Amino acid sequence: MPLKLFDLHKPVIAALHLPDFALNRHLSVAWYEDYAVANARVFAEAGIPWIKLQDQTKTAGHAAPDTLTLMASLGRLIRSEVPELGLGIIVEAHDPNAALCVAHASGADFIRLKVFVGGAMTAQGPRDGLSAEVVAMRAALRRADIAILADIHDRTAIPLSSESQPFAANWAVKSGADGLVITGASFTDTLSRINAVRDSGTGHPILIGGGVTENNVHEAMAAADGVIVSSALMRRDAAAEDVIQWDSDLCKRFMDAVGVPA
């Protein structure tokens, strides 16, 4: 089935980070709704075609029920209020079904999983690959149209086994990933890692998961099949309680650098 994420141009995806739900119980659902829609509009008005709604609620186990319900409702609200944006989902918890079920309920186009194959040591402890369970759940939901983006040796974790990144990339492809996310310790390292994976014969789309700015995005788009960006677009003067956290001018300048007029 054709995947909307890779239908036309190389995707530019802005990560819309949500406050940690568990640490911000004082914030109302209405506040989260205003936050999600206001920042989604900043991205859309700048010409960014895709966003990734990103949960940041840290937990040692599966995602909490309130995380799932709030993520799904916010996703559907963005779909309704900012319909021109494509939508992806990532859930902080190491949970094989959370992101996929939220995407299914909200009408999202893709999910991102940080540990899809192999194993990794994270700040919350060891994690095993989720590929088998995720692919089975996608089939059960009959949602082959939801693309799976799999991080390969995510830079925020340490691999628990010794396979090379190209080997892990081929594992992910064979295990059902539709796109690969590769991010090195620096932008130069990222490009080197992408070249190594390409040289191994992997033909799947590769996205850069971080470290992209308006100064290097043209080079990034030449090397990869898409980029995920967030920090480079954030307001420098924003207070933690401000609803709008991303800078419309920075977003427009970024898209100008990509070569797509805002």
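On a predicted model such as this, the values are computed, not experimentally measured, just so you know.
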Exercise for the section: State whether the side chain of Asp20 and the backbone N or O of Ala22 hold a donor-acceptor pair below 3.5 Å, judged by distance alone. Expected result: yes
Practice task
Start with the C-alpha distance between Glu33 and Glu81, add both sets of side-chain angles, then the distance that settles side chain to side chain contact (heavy atoms under 4.5 Å, CB included), and finish with yes or no.
Solution key: CA-CA 10 Å; Glu33 290 174 340; Glu81 295 296 320; over 6 Å; no
Fill in the blank from the handout: The reported gap from OG in Ser161 to CZ in Phe167 (rounded to nearest 0.5 angstrom) is 9.5 Å
Exercise for the section: Could you tell me whether the side chain of Asn24 and the main chain of Leu27 form a donor-acceptor pair under 3.5 Å? Expected result: no
Practice task
For the pair Asp247 and Arg253, find out whether any cationic side-chain nitrogen is under 4.0 Å from an anionic carboxylate oxygen.
Solution key: no
Practice task
Compare all side-chain heavy atoms of Asp128 with those of Val115 and state whether any distance is below 4.5 angstrom.
Solution key: no
Problem - Polar side-chain atom of Arg236 near backbone of Met234 as donor-acceptor pair, under 3.5 Å - result: yes
Exercise for the section: For atom CZ of Arg235, decide whether the heavy atoms of other residues, nucleotides or ligands shown that lie under 6.0 angstrom number more than 12. Expected result: yes
Exercise for the section: Report whether Ile111 and Ile90 are members of the same hydrophobic cluster (ILVMFWY, side-chain heavy atoms less than 4.5 Å apart, transitive linking). Expected result: no
Handout entry: Gln124 side chain to Ala60 backbone, donor-acceptor under 3.5 Å
Key = no
Problem - Exercise: identify the closest heavy-atom pair between Ala168 and His153 - result: CB-NE2, 3.8 Å
Problem - From Phe116 atom CZ to Leu149 atom CG, the distance as rounded to the nearest 0.5 Å - result: 10.0 Å
Problem - Backbone N/O of Asp151 and side chain of Lys114: donor-acceptor pair under 3.5 Å - result: no
Handout entry: Shortest non-hydrogen contact between Glu219 and Phe187, atoms and distance
Key = OE1-CE2, 3.6 Å
Practice task
Please examine the side chains of Phe110 and Ile13, heavy atoms only from C-beta on, and report whether any two atoms are closer than 4.5 Å.
Solution key: yes
Exercise for the section: Report yes or no: do Ile244 and Met255 belong to one cluster of Ile/Leu/Val/Met/Phe/Trp/Tyr joined by side chain heavy-atom distances under 4.5 Å? Expected result: yes
Practice task
Walk me through it: do Trp246 and Ser230 pass the test side chain to side chain contact (heavy atoms under 4.5 Å, CB included)?
Solution key: CA-CA 8 Å; Trp246 282 268; Ser230 184; 3.3 Å; yes
Handout entry: Aromatic plane relationship, Tyr32 with Phe21 - under 30° parallel, 30 to 60° tilted, over 60° perpendicular
Key = perpendicular
Handout entry: ILVMFWY cluster, Leu16 and Ile48 together (side-chain gap under 4.5 Å)
Key = yes
Exercise for the section: Report yes or no: does Gln56 contribute a side-chain atom to a donor-acceptor pair with the main-chain N or O of Val91 at less than 3.5 Å? Expected result: no
Practice task
Could you state whether Leu250 and Leu85 fall into the same hydrophobic cluster, counting links through intermediate Ile, Leu, Val, Met, Phe, Trp or Tyr residues with side-chain heavy atoms under 4.5 angstrom apart?
Solution key: no
Problem - Check: Lys10 main-chain N/O paired with Asp225 side-chain donor or acceptor under 3.5 Å - result: no
Exercise for the section: Locate the shortest heavy-atom distance separating Ala232 from Val229; write the atom from each residue and the value. Expected result: CB-CG2, 4.1 Å
Practice task
For Asp109 and Gly88, indicate whether the former's side chain and the latter's backbone hold a donor-acceptor pair under 3.5 Å.
Solution key: no
Handout entry: Aromatic plane relationship, Tyr35 with Trp31 - under 30° parallel, 30 to 60° tilted, over 60° perpendicular
Key = parallel
Handout entry: Spacing of Ile194 atom CD1 and Ile182 atom CD1 [to the nearest 0.5 Å]
Key = 6.0 Å
Exercise for the section: Please answer: with hydrophobic residues joined when any side-chain heavy atoms are less than 4.5 Å apart, are Leu53 and Val243 in the same cluster? Expected result: yes
Handout entry: Arg193/Asp189 ion pair, N-O < 4.0 Å
Key = yes
Handout entry: Asn216 side, atom CG; Ile208 side, atom CD1 - distance, nearest 0.5 Å
Key = 7.5 Å
Handout entry: Any side-chain heavy-atom pair of Glu84 and Pro49 under 4.5 Å
Key = no
Handout entry: Non-hydrogen atoms of Met221 and Pro11 that approach each other most closely
Key = CE-O, 4.4 Å
Exercise for the section: Please indicate whether Ile158 has more than 12 foreign heavy atoms, meaning atoms of other residues, nucleotides or ligands, lying under 6.0 Å from its CD1. Expected result: no
Completion exercise
CG of Leu87 to CG of Leu5, rounded to nearest 0.5 Å, is 11.0 Å
Completion exercise
Separation between CG (Leu130) and CG (Asp95), nearest 0.5 Å, reads 8.0 Å
Exercise for the section: Could you tell me which non-hydrogen atom of Arg112 sits nearest to which non-hydrogen atom of Val181, and how far apart they are? Expected result: NH2-CG1, 3.5 Å
Problem - Any side-chain heavy-atom pair of Leu68 and Cys101 under 4.5 Å - result: no
Problem - Exercise: identify the closest heavy-atom pair between Ser131 and Val117 - result: OG-CG1, 4.1 Å
Exercise for the section: Check step by step if side chain to side chain contact (heavy atoms under 4.5 Å, CB included) holds for Leu23 and Lys58. Expected result: CA-CA 9 Å; Leu23 300 182; Lys58 293 177 175 57; over 6 Å; no
Exercise for the section: Without swapping roles, check the side chain of Thr202 against the backbone of His204 for a donor-acceptor pair under 3.5 Å. Expected result: no
Exercise for the section: Kindly indicate, with the supporting measurements, whether the criterion side chain to side chain contact (heavy atoms under 4.5 Å, CB included) is fulfilled by Val135 and Ser175. Expected result: CA-CA 8 Å; Val135 170; Ser175 299; 5.9 Å; no
Exercise for the section: Have a look at Thr183 and tell me which of Val212, Leu207, Ile152, Thr190 forms a side-chain contact (heavy atoms from CB on, under 4.5 Å) with it. Expected result: Thr190
Problem - Main-chain N/O of Ile146 paired with Arg138 side-chain donor or acceptor, under 3.5 Å - result: yes
Problem - Lys4/Asp145 ion pair, N-O < 4.0 Å - result: no
Exercise for the section: Flag the pair Asp154 and Arg127 as a salt bridge only when some basic side-chain nitrogen lies within less than 4.0 angstrom of an acidic carboxylate oxygen. Expected result: no
